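For reference, the structure discussed in these notes is given below.
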Amino acid sequence: MEKMKMMLVDDEERFLLTTRKLLEKKNFEVLTASSGVDALELLRTNRVHVVILDVKMPGMDGVATLREIKARFPMVEVIMLTGHATVESAIEGLKSGAVDYLMKPADIEDIIAKSLDAFNRRIDIEEKIRVARMRKFMKSPREIIKDAEL
Amino acid sequence: METSEYNKVRNFILVSMIIVPLIPFFLALLVGNHSFSRSIENMTIEAMERISEDHRQMIESFLDERTHDLELIFNTIDLSDLVQPQTLSSIFQQLQLTSSAFVDLGLFDESGVHKAYHGPYDLSGKVYRDMPWFQQTINNGVFVSDVFLGYRNVPHFIIAVAKKQEDRTWVIRATVDSQQFNHIVRQIRIGKTGEAYLLNRQGVLQTDRRSGGNLMETPQERLPLSPEDTLIHTFIHQVPGGEPFLYATTWLKDGNWLMVVRQEESDAFSALRSARMPILFILLIGVGCIVAIAFGLTGAIVRKMEHTDSEKALLNQQLIGASRLAEIGEMSTGFAHEINNPLQIISAELSLIKVLQEEMIESRELTTGESYTEVADSMNQIKTQIGRCSRITASILKFGRQAETRSERFDLAAAIPEIVSMVEKKAEVHGIRIKHELPNAPIWINADVSRLQQVILNLLNNAMDAIIEHRGSSGGTIKVRLFSGNNGLANINVSDDGSGIAPDNMEKVFAPFFTTKPVGKGTGLGLSVCFGIVQQMGGKMEVESTVGQGTTFTISLPLE
């Protein structure tokens, strides 16, 4: 099975560094970005399953970044990381396509657990897509040929 | 306001309220008193004048009548008859019929020789030519003497009338008993001391005087002489060392006698004094009323002012308190949020340390000994404290949270028992009874049920803590009372019989981070969060407490 690839987006460098180390120790592939723009840039060139996204960031904030991610990379699952005061924005994030949210300070176990949930959901969806494609293939090979021709 | 300022206001109002009504009051009384006194004085003097005038006329007419009697003799009886003693006797009898005042009757020729006499004394043949009365009679035609005491020690005076006939002048003389007009004068009584008497020109008493002084005596006092042309002269005269008298004097007998009517001034004007008593009484009562009302009203006004001022001060304090609370709320929210980031990092670092430790143990760089256990314990403590910090920030953020309330219409009378039932189990464990007192009718309000629930649960928990602190396991009672007040508010009272709040702490109970609970047990945010929530609902939250007796929190919420 494919290994989970994660990306942490936060303006706190030390948080990125430590959490990345921790996750890597647990055998996850981790990318970090300290702003929304960096995150979008990295997503363009790297395959990522789950993004942990801080809501409150200078410049492009979490919700704006989330919308951009969902617009450009719909298959990427996003988990919002939020303080209590920004539960509102977490809700807004969920409405805009985030899969879950985490309250600061979050335990590494929680981060991993929620990320895995998101990852599994992602895998699930991908599996469904694969099955759907297979069915299509089994139903009408011609169409596949047509598709291939197209 | 300062106490001295209140005193200033009090004095100002008091002085105005006393002086302003007193001025017209005094003026009215003075004017009334003055005109009243004047009219009483006038009436008294008029009465006196009338009496003296009446009596003057009575005496004058008595004297005139007697004089006319004598003139009548001359006019009706021939002189040749008159010299006969029998004729004079019969005339005397006649005169006695009209007036018993005549004592004797005598006839004289111009040389003063007694021609005929009828009377108790033998005076015939005596010569009177050089007597002053005889001369005056010849000259004036009529003479009336002053009073003298006769041989019988009875007051008398004489009346003599002269008549010219055929070159001869005759004089008829009668002695008259003055008892009669003595009686007329004496009978005059005015008040207690009012009296009348006659004086001659020399100031000798012509009648008795009731207040002392017999006929023919000369009273001590020298009255000021009345001008001849005035009919009646009234004045006040005082003998040194004696009472002042009100006098009315009038001349009679062509200015030979002075009739004096007098009365002690205090007696004459006693009506004035008795009229002054009620005026004085009215004055005292009036002044008393004005002063009492002034004091009463001033007291009431100043008390009202003090009350209003203290209410204003309290309101200001509450406003300041509320705005400060809002500021603190805003500040601490930002603070709490910022604290979460470092907490997140500490938490992550801690997790990393744990992972690294495990790795080191695996690679035998580290051995699991006593020190390791202690480090592990210490790290667990860090984790616990991070959790505590996170709970504090969570409460702060809850406290500062402004938005996201979902108001709905609900019945407080139904909601409160539900909320109370949530803590009943916990209360039972500690032997605490929770009583509720609810109205029969529903009380509808518009608010966020869950937040109100949070507030009431908080109050109930505090109440239980207070009871446990004060009574330990012996338990206590919490009363929850709901009633709709008269000012469009629904009131919820939560009372306990716990330890109470020290007076010093009363002001701080709603302040964030204020707690009397031991470290780690309370964040000091519960009541300030409650306060914020109630305020957001448009309500009020108040506290009353007595140390050792208990505390009552009152929440007032606007009715629907």
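None of the values given here were measured: they were computed from a predicted structure. By convention in this document, chain letters (A, B, ...) are assigned in the order of the sequence lines, proteins followed by strands, and residues within each chain are numbered from 1.
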Q. Between A:Asp107 and B:Ser347, is any pair of side-chain heavy atoms under 4.5 Å apart?
A. yes
(Q) If the condition is side chain to side chain donor-acceptor pair (under 3.5 Å), which residues does A:Thr32 pass it with, not counting sequence neighbours? (A) none
Q. Taking only heavy atoms into account, what residues of residues 349-361 of chain B are found under 4.5 Å from chain A?
A. B:Glu349, B:Ser351, B:Leu352, B:Val355, B:Leu356, B:Glu359
**Q.** Point-to-point distance, once rounded to the nearest 0.5 Å, from CD1 of B:Ile345 to OG1 of A:Thr19
**A.** 8.5 Å
Q. Under a 4.5 Å cut-off applied to non-hydrogen side-chain atoms, are A:Leu81 and B:Gln344 in contact?
A. yes
Q.
Atom NZ of residue position B:Lys540 - does it have more than 12 heavy atoms of other residues, nucleotides or ligands inside 6.0 Å?
A. no
Q | Choice from A:Asp11, A:Leu17, A:Leu22 maximising heavy atom contacts with chain B below 4.5 Å | A | A:Leu22
Q | Residues in residues 376-385 of chain B that sit under 4.5 Å from chain A, counting heavy atoms only | A | B:Lys383
**Q.** Nearest-0.5 Å distance that lies between atom OG1 in B:Thr393 and atom CE in A:Met103
**A.** 10.5 Å
Q.
Is it true that, when you exclude B:Glu408 itself, more than 12 heavy atoms of the residues, nucleotides or ligands shown sit nearer than 6.0 Å to its CD?
A. yes
(Q) Please give me the minimum heavy-atom distance between A:Pro105 and B:Asn340, naming the atom from each residue. (A) CD-OD1, 3.9 Å
Q) Listed by chain and number, what are the side chain to side chain contact (heavy atoms under 4.5 Å, CB included) partners of A:Glu13, not counting sequence neighbours? A) A:Leu16, A:Ser34
(Q) Is it the case that atom CZ in B:Arg409 sees more than 12 heavy atoms from other parts of the structure closer than 6.0 Å? (A) yes
(Q) Among B:Ile339, B:Ile346, B:Asn341, B:Leu343, which residue has the highest count of heavy-atom pairs closer than 4.5 Å to chain A? (A) B:Asn341
Q: Output the option from A:Lys26, A:Lys25, A:Glu12, A:Glu109 having the highest count of non-hydrogen pairs under 4.5 Å with chain B.
A: A:Lys25
